[in-house]
Amino acid sequence: LPAAVLLKDMKLMDVKLGQLPSWLAMRDFTPGGIAGAFRRGYDRYYNKYIDVRKGGLGGLSMVLAGYVVLSYIWSYSHI
Amino acid sequence: VLHATRQLHTTQQSLAPLPPLPEKGGEVRHGLIPEEFFQFLYPKTGVTGPYMLGTGLVLYLLSKEIYVVNHETVAAACILSVIIYAVKRFGADVAAFADKLNEEKIAQALAVKNEAINSLQTAIDEEKKEQWRVEGRTYLFDAKRNNVAMLLEANYRERLMMVYHEVKKRLDYQVAMQTLKRQKEQDHMIQWVEKNVVQSITPQQQKESIAKCILDLKALSKGAHAAV
């Protein structure tokens, strides 16, 4: 069954494993595109975990945990 | 020049009214892992799948020395235990306080909105009343027209009276002139007749008339004596 949607517009979760290289090649890698991708990711996280009526601790703690992990990875060679 | 190929306003989307904020954020388990991860692994591994994955991952990191146990591990353990104790003990209170702040902000905004709506409503009512008042303006103009007509009438009648008086004055003057003239003629004639009569009375006639009068008086007095 051929995909009804263009490969370019499909979300990552719907892309089959064999189509992954071609999907990656079609993404927008210009500086504007990369900035747009960062903006979209930030907006998704913000709207889901922070911009709510009763936010919890998870929204902030996930960011801090990610920072901890990243800094550990960066300083691993110094240990 | 309008470019016909570009689409304008194809959807109903508009900036207002904004959709309300969602009540709760995305679920996060243990404060670190989103719920979607557990749901993602549930069909294949059931409920304990992610925990087994977590345990296996931790053991792998420790055994392969990808995560090195040194003094920082002890510091991290102490800090984490303090943080978790603080969150478990004061979490609810802080959440209630933050909710109260939010409630106040929302209530203030709502109050502003309601006040704006009320003021606009009163403005609408005032406007309607003004429109109703305008309808009565025809009566006002009728009354004014009546006033003006009455003024004109009164003025006209005043002038009629004045004309009448003036004419009467002139006619009275003429009448007075005529009566005066006639009176003067009469007086003059009487005077002239008297003067002529007095002139015609000669002294002889005067003596005779006086003697006759004395005789008459004597006769009369005799008669009066007799009566008394």
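Just so you know, these numbers come straight off a predicted model, no measurement behind them. All chains are named by letter (A, B, ...) in the order of the sequence lines, taking the proteins before the strands, and each is independently numbered beginning at 1.
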Can you see which heavy atom on [X] is nearest to which on [Y], and at what distance?
X: B/Pro22; Y: A/Asp51; result: CD-O, 4.0 Å
X: A/Tyr72; Y: B/Val68; result: OH-N, 3.0 Å
X: B/Glu36; Y: A/Tyr49; result: OE1-OH, 3.8 Å
X: B/Ile106; Y: A/Arg53; result: CD1-NE, 4.4 Å
X: B/Glu23; Y: A/Val52; result: O-CB, 4.3 Å

Review point. Checking B/Val87 against chain A: side chain, backbone, both or neither under 4.5 Å from a heavy atom?
Key: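 The answer is the side chain of B/Val87.
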
Point to revise | B/Glu65 versus chain A, the contacting section by heavy-atom distance below 4.5 Å | key: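 Backbone of B/Glu65 only, per the 4.5 Å heavy-atom cut-off to chain A.
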
Tell me whether [X] at atom [atom1] has more than 12 heavy atoms from other residues, nucleotides or ligands lying less than 6.0 Å away.
X: B/Tyr51; atom1: OH; value: yes
X: B/Glu166; atom1: CD; value: yes
X: B/Gln199; atom1: CD; value: yes
X: B/Glu104; atom1: CD; value: yes
X: B/Tyr42; atom1: OH; value: no

Review point. Atom OG of A/Ser61 and atom NE2 of B/His30: how far apart are they, to the nearest 0.5 Å?
Key: 12.0 Å

Exercise for review: Considering only heavy atoms and a distance below 4.5 Å, find which of B/Val94, B/Ile66, B/Asp99 pairs most often with chain A.
Suggested key: B/Ile66

